[in-house]
J.: 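Here it is, the structure, as structure tokens.
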Amino acid sequence: MPVRRRGTRKSRAPKRASLNSNASYNNEKVKKQNSESKNNYTFRRDPFSELIQSKLGFAFLFLLVALFCDVFLAKPFLKQKGITEVQLFQELMQKATGVNFENTFRFINASIPSGSNGDANLRPGYLLSQQGAKAKYPVVLVPGFITSGLELWQGEECAKRHFRQRLWGSLPIFVQSFLTDMQCWSRHLALDPISGMDPPNIKLRSAQGFEAADYFMSTYWVWDKVIENLSDVGYDSTNMIMMSYDWRLRFDMLEERDGYFTKLKMNIEALVKTQKSPVVLTSHSMGSQIVLYFFKWVTTDESLGGGGGGSDWIDRHILKFVNIAGPLLGVPKAVPALLSGEMKDTAALLGPMGMMVERVFGRKERRKLWNTWGSLYEMLPKGGDKVWGNGADIITGETPQEQRNLSSKFHGSSLLEALDYHTCNEQDKICSLDSMEEEMSLSNYETSMSKGSSFITFTEDLKIHENESDHQELSSKSDRKKEWDISNVLEYLRESGGGYGPDLHSIGAIHPQNSREKWSDPLETPLPHAPNMKIYCLYGVGIETERAYFYRNKGMVSGTSDSNELPYLLDASVNEPESHIHFGVKSSDGDVSVPLVSLGYMCVDRWKTQSLNPSNIQITTREYMHKEEFQVNDPMRGGPHSADHVDILGNVDAVTDLLKIVTDFNVDDMEDQIVSEIETITKKMNSEGLETLEI
């Protein structure tokens with residue numbers, strides 16, 4: 001057993017005491033250090049805090065230097081150069097974002113398939129090419145109103161930074177102008193009201209090539225789908241050309257200022273020579289009126305202001321004329337645009353949006369600008385009261401599309417229900433149903449036809465306006481009538497000149513003083529001698545379209561001088577949905593921009609007469625009923641079967657017909673396709689004496 005050493009416990013006691021002593025010492029040392037640390041904390045710098053403070057100091061110094069440069073260097077330099085700081089900022093933003101913005105949208109547009117349902121293999125061009133369709137005749141494309149870009153070649157200081165950029169047709173520039181200087185933008189888009197040409201020190205010219213009218217405002221396709229489908233069957237820049245133009249000009253000014261018709265003639269001759277074939281001349285909207293003017297110009301002797309091509313030039317150079325949605329007899333919506341700077345779209349703007357538009361670019365500014373555009377006067381309704389006065393085309397009951405839906409219902413399971421309302425020949429029930437549909441359609445136009453229709457109805461008594469050329473009282477006895485027919489409207493526009501007076505250059509298109517001013521009027525100028533040429537009229541129907549208007553007096557009372565007042569304003573308070581009157585606008589069938597009578601009357605009726613078609617040119621009319629459907633890949637448009645005025649250029653049925661025409665693929669099977677009530681309307685119009693309209 002081990003023996004415990006004596007003194008062991010004694011020896012440990014001092015050691016424990018020593019440990020306690022050391023611990024006490026260490027605790028006191030730590031407390032002392034902590035105390036010193038607390039005392040010294042305010043004098044030590046954290047590295048992160050030091051970095052922040054140094055950066056703040058640098059930023060403060062930078063601001064001082066920038067302020068010094070701005071006050072003593074930049075402002076004197078900009079003043080010497082005649083540039084403001086705002087203009088400098090806008091120029092920097094334009095250079096930084098403008099081109100990139102346009103290119104980005106073009107990239108997005110190019111990445112979206114243009115075929116039906118988003119599948120490129122379903123494009124009409126691709127499908128027809130698989131069946132054997134190939135490019136055959138060279139194609140000339142003539143765009144319509146406002147869809148071609150206008151580039152700045154000379155301008156005022158406020159616009160010089162946009163040199164050779166699209167002042168019209170560019171979304172970034174339009175947004176910039178809308179938010180900063182709308183007056184500058186408006187001055188540059190206006191023409192000289194007296195000469196109809198360029199204003200002093202301002203020059204805008206049409207963009208050229210396919211890009212001139214493939215897209216509008218970067219995102220809104222116009223001719224792009226047509227061009228892409230044509231490329232599917234073999235067309236390119238060697239056998240197809242886009243002939244854009246300055247759509248603001250009166251038609252005779254296109255040749256006088258730009259030599260447009262001479263260039264069109266030469267380009268057609270070049271295509272005929274290189275491709276060994278006559279061309280297919282294809283136009284859209286106002287472009288069809290341009291083509292009609294060209295037909296007369298090119299066959300008229302040079303000594304009489306024409307192109308001197310000879311009477312057989314068209315027969316030798318143009319095989320087919322494809323008229324897509326052409327307003328052959330004008331458009332009613334040109335009237336409110338020139339009369340009060342309005343359309344249904346602007347009159348319907350309410351609340352903050354309407355107030356903002358009026359404040360930035362009000363109706364008086366719009367009217368002032370639009371009255372300088374001679375093209376709008378060219379598009380005023382043609383044919384007078386014989387065409388526009390009987391109201392045969394104004395909708396008073398169901399819309400044409402509603403009528404079609406109802407008749408299709410009768411042809412279906414509800415046949416017996418239909419027979420309850422109409423007696424039917426037991427041996428030919430289908431014939432009886434067809435006659436029933438005709439009577440149904442007639443009834444919806446009966447009210448307006450029986451009592452006639454004014455073009456403008458005033459909802460209050462007209463007032464006398466004094467001491468203003470813009471508010472002058474008409475000398476005609478009809479100036480105080482509450483109802484104006486189209487003759488009264490044109491008379492007022494001729495005398496007032498849209499605020500510019502009777503010297504306005506554009507008014508020559510209202511009552512032509514020489515034969516050249518009648519060349520685009522198909523009721524005044526017969527088709528050319530071209531027995532080998534064929535004409536195709538392709539247009540959409542089934543959409544309510546502006547046709548007649550309700551106005552209210554908004555004139556200046558004698559002794560007042562409110563410069564923002566106009567003599568008459570569209571009365572947007574008139575709404576009768578059951579009669580298809582919306583925001584002071586009566587409707588007819590059409591393609592939302594052009595009424596049916598202007599789209600189809602010449603094609604289905606008047607061009608079938610010897611007086612207006614002396615060489616018996618074959619006329620084929622193809623109508624397309626509007627059918628709107630949503631597409632994810634094209635959400636802002638009406639879908640592949642939309643018959644809208646511009647959407648028709650992407651309508652798969654219309655594009656298919658166009659491709660067949662230019663390739664001669666199964667074109668012999670193409671016959672008239674009438675889905676509207678145009679034949680019923682023309683019968684009523686002719687019964688009221690339009691057939692006797694003298695040439």
J.: Would you say Ser598's side chain and Pro595's backbone share a donor-acceptor pair under 3.5 angstrom?
T.: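 Answer holds: no.
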J.: Relative to each other, are the rings of Trp370 and Trp373 parallel, tilted or perpendicular (30° and 60° limits)?
T.: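 Ring orientation, 0 to 90° scale: tilted.
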J.: Can the positive tip of Lys225 be found less than 6.0 Å from the middle of the six-membered ring of Trp223, inside 45° of the ring normal?
T.: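 Not satisfied by the 6.0 Å and 45° rule.
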J.: So, His505 and Ser195: side-chain donor and acceptor under 3.5 Å apart, yes or no?
T.: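 Result is no, nothing qualifies.
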J.: Looking at every non-hydrogen atom in both residues, tell me the closest pair between Phe261 and Glu255 and how far apart they are.
T.: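 That would be N-OE1, 3.0 Å.
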J.: Is the shortest distance from a Lys or Arg side-chain nitrogen in Arg205 or Asp198 to a carboxylate oxygen in the other one below 4.0 Å?
T.: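 Asp198 and Arg205: salt-bridged.
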J.: Mind running side chain to side chain contact (heavy atoms under 4.5 Å, CB included) on Val222 and Leu649 for me, showing each step along the way?
T.: CA-CA 7 Å; Val222 183; Leu649 292 173; 3.9 Å; yes
J.: Keeping His284 on the side-chain end and His645 on the backbone end, is there a donor-acceptor pair under 3.5 Å?
T.: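 Checking the backbone N and O of His645 against the side chain of His284, a donor-acceptor pair under 3.5 Å is found.
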J.: Using modelled atom types only, decide if a donor and an acceptor are shared between the side chain of Asn575 and the backbone of Ala572 within a distance under 3.5 Å.
T.: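 Answer holds: yes.
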J.: Do the non-hydrogen side-chain atoms of Gln289 and Ser375 ever get within less than 4.5 Å of each other?
T.: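 Side-chain contact under 4.5 Å: no.
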J.: What are the two closest non-hydrogen atoms of Glu156 and His188, and how far apart are they?
T.: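 Nearest heavy atoms, Glu156 then His188: N-NE2, 3.0 Å.
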J.: So which atom in Leu504 and which in Tyr377 form the shortest heavy-atom distance, rounded to 0.1 Å?
T.: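 Between these two residues, the closest heavy atoms are CD2-OH, 3.3 Å.
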J.: Donor-acceptor pair, distance only, cut-off 3.5 Å: does the side chain of Trp168 make one with the backbone of Ile146?
T.: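 Looks like yes, one N/O pair under 3.5 Å.
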J.: Is there a salt bridge (Lys or Arg N to Asp or Glu O under 4.0 Å) between Lys263 and Asp258? Walk through the geometry before answering.
T.: CA-CA 9 Å; Lys263 296 174 185 176; Asp258 298 342; over 6 Å; no
J.: Just how far is it from atom NZ of Lys368 to atom NZ of Lys364, taken to the nearest 0.5 Å?
T.: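 Going from the NZ atom of Lys368 to the NZ atom of Lys364 covers 8.5 Å.
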J.: Output the distance between atom CG (Asp224) and atom CD (Glu211), rounded to the nearest 0.5 Å.
T.: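 Nearest 0.5 Å value for the CG-CD distance: 10.5 Å.
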J.: Counting only heavy atoms not in Lys265 (residues, nucleotides, ligands), do more than 12 fall under 6.0 Å from its NZ?
T.: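 Above 12, so yes.
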J.: Can you see which heavy atom on Arg547 is nearest to which on Val585, and at what distance?
T.: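 Looking at all heavy atoms of both residues, the shortest contact is N-CG1, 4.4 Å.
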J.: Given 3.5 Å as the limit, does a donor-acceptor pair link the side chain of Thr372 with the main chain of Leu191, or not?
T.: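 Yes; judged by distance alone, with no hydrogens or angles, the pair exists.
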J.: For Leu338, does its backbone N or O pair with a side-chain atom of Asn371 as donor and acceptor, under 3.5 Å?
T.: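 Yes; at least one donor-acceptor contact below 3.5 Å.
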J.: Closest heavy-atom contact between Ile318 and Phe295?
T.: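 Minimum heavy-atom separation between Ile318 and Phe295: CD1-CE2, 3.7 Å.
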J.: Between the side chain of Ser148 and the main-chain N/O of Ala213, is any donor-acceptor distance below 3.5 Å?
T.: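 The answer is no, because no donor-acceptor pair under 3.5 Å joins these two groups.
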J.: Which heavy atom in Glu378 sits nearest to a heavy atom in Ser520, and how many Å separate them?
T.: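 Here Glu378 and Ser520 meet closest at OE1-OG, 3.6 Å.
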J.: Using side-chain heavy atoms (C-beta onward) and a distance below 4.5 Å, is Leu538 in contact with Val322?
T.: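 Heavy-atom side-chain distance check passes, below 4.5 Å.
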J.: Does this structure show an ion pair linking Glu157 with Lys160, if we count only N-O contacts that are shorter than 4.0 Å?
T.: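 So Glu157 pairs with Lys160 through a salt bridge.
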J.: Answer yes if the side chains of Ser244 and Ser206 hold a donor-acceptor pair under 3.5 Å, and no otherwise.
T.: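 Side-chain D/A pair, Ser244 to Ser206: present.
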J.: Is any side-chain heavy atom of Glu365 closer than 4.5 Å to one of Ser186?
T.: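 With C-beta onward as the side chain, the pair stays apart.
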J.: Can you see whether Thr459 engages Asp571 through a side-chain donor-acceptor pair at a distance of less than 3.5 angstrom?
T.: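 There is such a pair (donor and acceptor under 3.5 Å, judged by atom type) between the side chains of Thr459 and Asp571.
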J.: When the aromatic ring centroids of Tyr492 and Tyr568 are compared, is their separation below 6.0 Å?
T.: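 They qualify: ring centres under 6.0 Å apart.
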J.: For the rings on Tyr551 and Trp484, is their centre-to-centre separation under 6.0 Å?
T.: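 Ring-ring flag for Tyr551/Trp484: false, centres at least 6.0 Å apart.
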J.: Evaluate side chain to side chain contact (heavy atoms under 4.5 Å, CB included) for Leu141 paired with Thr282, printing each intermediate quantity in order.
T.: CA-CA 5 Å; Leu141 305 176; Thr282 304; 3.9 Å; yes
J.: Using modelled atom types and a 3.5 Å cut-off, is there a donor and acceptor pairing between side-chain atoms of Thr545 and backbone atoms of Val592?
T.: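 Such a contact is found between Thr545 side chain and Val592 backbone.
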J.: Do Cys603 and Leu328 pass the side chain to side chain contact (heavy atoms under 4.5 Å, CB included) test, and can you show the C-alpha distance, the side-chain angles, and the key distance before you say yes or no?
T.: CA-CA 9 Å; Cys603 301; Leu328 302 178; 3.9 Å; yes
J.: What residues form a side-chain contact (heavy atoms from CB on, under 4.5 Å) with Phe174, not counting sequence neighbours?
T.: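 Here the qualifying residues are Phe178, Met182, Trp185, Met217.
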J.: Are Phe583 and Ser573 close enough that some pair of their side-chain heavy atoms sits under 4.5 Å apart?
T.: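 Phe583 does not reach Ser573 side chain to side chain.
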J.: Any side-chain heavy-atom pair from Leu189 and Leu369 closer than 4.5 angstrom?
T.: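 Yes, at least one pair of side-chain atoms sits under 4.5 Å.
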J.: Evaluate the side-chain proximity of Leu612 to Met602: yes if any heavy-atom separation is below 4.5 Å, no if none is.
T.: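 A side-chain contact exists here, since the closest heavy-atom pair is under 4.5 Å.
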J.: Are Phe145 and Trp247, when compared by the centres of their aromatic rings, separated by less than 6.0 Å?
T.: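 Yes, the ring of Phe145 comes within the 6.0 Å limit of the ring of Trp247, centre to centre.
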J.: So how far is it from Lys296 NZ to Asp521 CG, rounded to the nearest 0.5 Å?
T.: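 Answer for the NZ-CG pair, Lys296 versus Asp521, is 12.5 Å.
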J.: Between the side chains of Ser288 and Ser283, does any donor sit under 3.5 Å from an acceptor?
T.: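 Per modelled atom types, Ser288 and Ser283 side chains form a pair under 3.5 Å.
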J.: Given salt bridge (Lys or Arg N to Asp or Glu O under 4.0 Å), test Arg250 with Glu517 step by step and report yes or no.
T.: CA-CA 9 Å; Arg250 212 172 79 178; Glu517 294 170 343; 3.1 Å; yes
J.: To the closest 0.5 Å, what do you measure between CG (Leu264) and OH (Tyr293)?
T.: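 Atom-to-atom, Leu264:CG and Tyr293:OH are 13.0 Å apart.
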J.: In sequence, state the C-alpha distance, the side-chain angles, and the governing distance for Asn323 and Leu292, and then conclude on side chain to side chain contact (heavy atoms under 4.5 Å, CB included).
T.: CA-CA 10 Å; Asn323 155 41; Leu292 293 182; over 6 Å; no
J.: Centres of the Phe550 and Phe458 rings: under 6.0 Å?
T.: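 Ring-ring flag for Phe550/Phe458: false, centres at least 6.0 Å apart.
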J.: Does the side chain of Asp301 pick up a donor-acceptor pair with the side chain of Ser303 at under 3.5 Å?
T.: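 Yes, Ser303 and Asp301 have a side-chain donor paired with an acceptor closer than 3.5 Å.
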J.: Please check this pair: side chain of Arg161 against backbone of Cys158, looking for a donor-acceptor N/O pair closer than 3.5 Å.
T.: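 Yes: the side chain of Arg161 pairs with the backbone of Cys158.
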J.: Side chains of Ser177 and Cys184, heavy atoms from C-beta outward: is any pair under 4.5 Å?
T.: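 Side chain of Ser177 against side chain of Cys184, heavy atoms only: no contact under 4.5 Å found.
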J.: Salt-bridged, Lys586 to Glu546, with N to O below 4.0 Å?
T.: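 The answer is no: the pair does not qualify as a salt bridge.
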J.: Decide yes or no for Met243 and Ile241: does some side-chain heavy atom of the first lie under 4.5 Å from some side-chain heavy atom of the second?
T.: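 They are in side-chain contact.
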J.: Quick check for you: to the nearest 0.5 Å, what is the distance between Tyr549 atom OH and Ile456 atom CD1?
T.: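 So the gap between those two atoms works out to 8.5 Å.
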J.: I need the Trp297 CH2 to Thr262 OG1 distance, nearest 0.5 Å.
T.: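 One finds 3.5 Å between CH2 of Trp297 and OG1 of Thr262.
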J.: Going by an N to O cut-off under 4.0 Å, is there a salt bridge joining Arg637 and Asp647?
T.: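 Salt bridge: yes.
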